[in-house]
Engineer: 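First the structure, then my questions, so here it is.
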Amino acid sequence: MVRLIDVEMEHTLAEYATDIVLRESVREMQDAITDDVAALEGRTVWMVNSTASGGGVAEMMPKLLGIFRTLGVDAEWAVIDVDAPGFFEFTKDVHNLLHGTGDPEIVDRERALYERASRSVADELVGRLAPEDVLVVHDPQPLAAGAKVAEELGLPAVWRCHIGSERQTEKSRAAWEFLQPWVRDYDRAIFSLPAYVPEFLHDDATIVPPAIDPFSAKNKRLKPQEVAGILARAELVATDHPTEPFDEPARRLQADGTFAPATEPADLGLLFRPVVCQISRWDSLKGFLPLLRGFARLKREVRPAGDAGADVEETSEREEKGATNGGRRAEGTARTDAHRRRIEDARLVLAGPDPSSVADDPEGRAALEAIEEAWHSLDPSIRRDVAVVVMPPDRHESALVINALQRCATVVAQNSLREGFGLTVTEAMWKRAVLMGSDTGGIGAQIRDGEDGRLVPDAADPGSVAETLDAVFGAPDRWDEWSHSAQRRVADNYLVFEQVTRWLDVLGALVR
Ligand code: UDP
């Protein structure tokens, strides 16, 4: 029921420090943590969550623990396996409630199930932990079990909540009411953003934002020929040169409704054209549709006079929302030729997971279908500039493709209508991409408008997307400034080293 997961450190700190940008981050961490490491001596830090693979938490855990151990902090990772039927369905419901969806009534049967399963997990954990150890429990699944362990062994305990919504609703309040008694048994609670802290913890929570590993397949440095090589192997770029294709390459939506190699019906021009790219799960809240419509609208604005074929979708949308300025720009802001050409040449790539991986995710399926439909109803002259792409199913290959796409894109977009934190934004900022994000949740916290990129004021409105994208395309003289600032911001706040520093700060203070 409780499994210990092996952790291997893929890269040493010395290896990280060979990177000129990372050297400072590694050193700052080493300087900051000495007292905390000393305070934790003789104790084991136990990280407890509910999954060993899949998702951001499981991805970061080995990196975090690997660095803890390198720094001299004894740490273990335990995953709870609960076979009681309905347990994970219930905790998933609680998760959804925290995000504001689902039935807010939590019935006695569900409470009893959660309590009972937590009791057996706790019994097992109590046998493994010592009273001087430190317990860190992630998310609601092991929350109650951890609370019981903390109480019985009297050890210092932290609850780390990775879930968050800025809106407190009747539903989220119902979930918090349910969780609250256990949360109170912990010495500290940690959240990703201040806006996610529930009312009863307002004076009592610590903020630790998520972080990325700069050496992972998704984020490591790639030389230009490596970017080209990965894109060619994924069949996202056509080449006559010898390359070894991935077993299952990326695929792109075709006019006949099938998905085929992305080089069909013609090469996208990823390495040569101004490319706007958004990579996300297929979820209506990721804002793919208004991004597609905003991009199409901007394209139409620069279309030569006489080429007036209106898209079906756009006609209705214009009636709904009223196009900004009837599609014309405000006076006195004429585009230069280079600016207009950039828009004419631009291509939009909307990328997400392979649909087979969303087979058991009807919402993901539906979101992808809505995008397919919107794409089909575009005017063919614009449709050819928009690619709906699914990633290679292999995790490692897909990570490399995300890396390469973010590096070759002129603009990385993340137009989410709602967003927990937005690791895709962190990943792109780290790569010094030019960012266009929506002004929501963690995206607005990461990108400072006009400093690290641009924010779309109203991500649901294609007009707002079009205007912001137009402004980005019109300001190439700012791109270097934004992207350098973005990378600096990630190095200062959102790398694994900063995360380790914050964790050890919290844990050190707790045991002192
Ligand atoms: N991602 C991925 N494959 C995809 C789309 C996204 O591996 O097809 C990754 C992406 O690079 C990021 C994570 O999934 O690391 C998504 O995290 P984010 O915080 O942006 O959004 P979430 O999916 O958690 O809402």
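Order of appearance sets the numbers: ligands from 1, and atoms from 1 within every ligand.
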Engineer: Who's closest to atom 3 (N) of ligand 1 heavy-atom-wise, of Ile402, Ile443, Leu405?
Structural biologist: Ile402
Engineer: List the steps and the verdict of salt bridge (charged side-chain N to carboxylate O under 4.0 Å, His left out) for Glu10 and Lys63.
Structural biologist: CA-CA 8 Å; Glu10 277 172 76; Lys63 329 244 169 192; 3.7 Å; yes
Engineer: Below 4.0 Å, non-hydrogen atoms only: which portion of Glu427 touches ligand 1? Side chain, backbone, both or neither.
Structural biologist: side chain
Engineer: Do any heavy atoms of Gly352 fall under 4.0 Å from ligand 1?
Structural biologist: yes
Engineer: Please lay out, stage by stage, how Glu427 and Lys431 fare under the test salt bridge (charged side-chain N to carboxylate O under 4.0 Å, His left out).
Structural biologist: CA-CA 7 Å; Glu427 291 156 6; Lys431 300 177 182 92; 5.2 Å; no
Engineer: Quick one: nearest non-hydrogen protein atom to atom 19 (O) of ligand 1, plus distance?
Structural biologist: Leu423 N, 2.8 Å
Engineer: Looking at ligand 1, is there an atom of it that comes within less than 4.0 Å of some heavy atom belonging to Gln414?
Structural biologist: no
Engineer: For salt bridge (charged side-chain N to carboxylate O under 4.0 Å, His left out), just list the numbers for Arg173 and Glu177, CA-CA rounded to whole Å, side-chain angles, deciding distance to a tenth of an Å, and then say yes or no.
Structural biologist: CA-CA 6 Å; Arg173 270 188 291 271; Glu177 210 164 286; over 6 Å; no
Engineer: May I ask you to list the atoms of ligand 1 that are less than 4.0 angstrom from any heavy atom of Gly422?
Structural biologist: 19 (O), 20 (O)
Engineer: side-chain contact (heavy atoms from CB on, under 4.5 Å) between Asn493 and Arg502: does it pass, once the steps are laid out?
Structural biologist: CA-CA 10 Å; Asn493 297 287; Arg502 292 188 201 218; 3.7 Å; yes
Engineer: Which is it for Arg395 and ligand 1 at heavy atoms under 4.0 Å: side chain, backbone, both or neither?
Structural biologist: neither
Engineer: Quick one: sort the Tyr186 and Trp159 rings into parallel, tilted or perpendicular, breaks at 30° and 60°.
Structural biologist: tilted
Engineer: Short list, please: which atoms of ligand 1 are under 4.0 Å from a heavy atom of Ile279?
Structural biologist: 5 (C)
Engineer: Who's the nearest protein heavy-atom neighbour of atom 8 (O) of ligand 1, and how far?
Structural biologist: Pro353 N, 3.0 Å
Engineer: Considering only heavy atoms of Glu419, which atoms of ligand 1 have at least one such atom less than 4.0 Å away?
Structural biologist: 21 (O), 25 (O)
Engineer: I'd like to know if Glu76 and Arg69 make a salt bridge, using a cut-off of under 4.0 Å between side-chain N and carboxylate O.
Structural biologist: yes
Engineer: Check each heavy atom of Ser280 against ligand 1 and say whether those closer than 4.0 Å belong to the side chain, the backbone, both or neither.
Structural biologist: backbone
Engineer: Less than 6.0 angstrom separating the ring centers of Phe421 and Tyr196, yes or no?
Structural biologist: no
Engineer: Is there a nitrogen or oxygen of Phe421 sitting under 3.5 Å from a nitrogen or oxygen of ligand 1?
Structural biologist: no
Engineer: Out of Arg281, His162, Lys218, indicate the one that has the non-hydrogen atom closest to atom 14 (O) of ligand 1.
Structural biologist: Lys218
Engineer: When you look at Trp479 and Val472, which way does the side-chain contact (heavy atoms from CB on, under 4.5 Å) test go after all the steps?
Structural biologist: CA-CA 8 Å; Trp479 292 354; Val472 171; 3.9 Å; yes
Engineer: When the ring centroid of Phe288 is compared with that of Trp375, is the distance short of 6.0 Å?
Structural biologist: no
Engineer: Could you pull out all donor-acceptor pairs under 3.5 Å where a side-chain atom in residues 220-229 meets a protein atom, sequence neighbours excluded?
Structural biologist:
residue: Arg221; atom: NE; partner: Asp19; partner atom: OD2; Å: 3.0
residue: Arg221; atom: NH2; partner: Asp19; partner atom: OD1; Å: 3.3
residue: Arg221; atom: NH2; partner: Asp19; partner atom: OD2; Å: 3.2
residue: Glu226; atom: OE1; partner: Lys223; partner atom: N; Å: 2.7

Engineer: Between Lys286 and ligand 1, which part of the residue brings a heavy atom under 4.0 Å of the ligand: side chain, backbone, both or neither?
Structural biologist: side chain
Engineer: Suppose I only count heavy atoms of Met391 and a 4.0 Å limit; which atoms of ligand 1 are within that range?
Structural biologist: 8 (O)
Engineer: Compare Val425, Asp354, Thr424, Thr426 and give the one whose heavy atom is closest to atom 16 (C) of ligand 1.
Structural biologist: Thr424
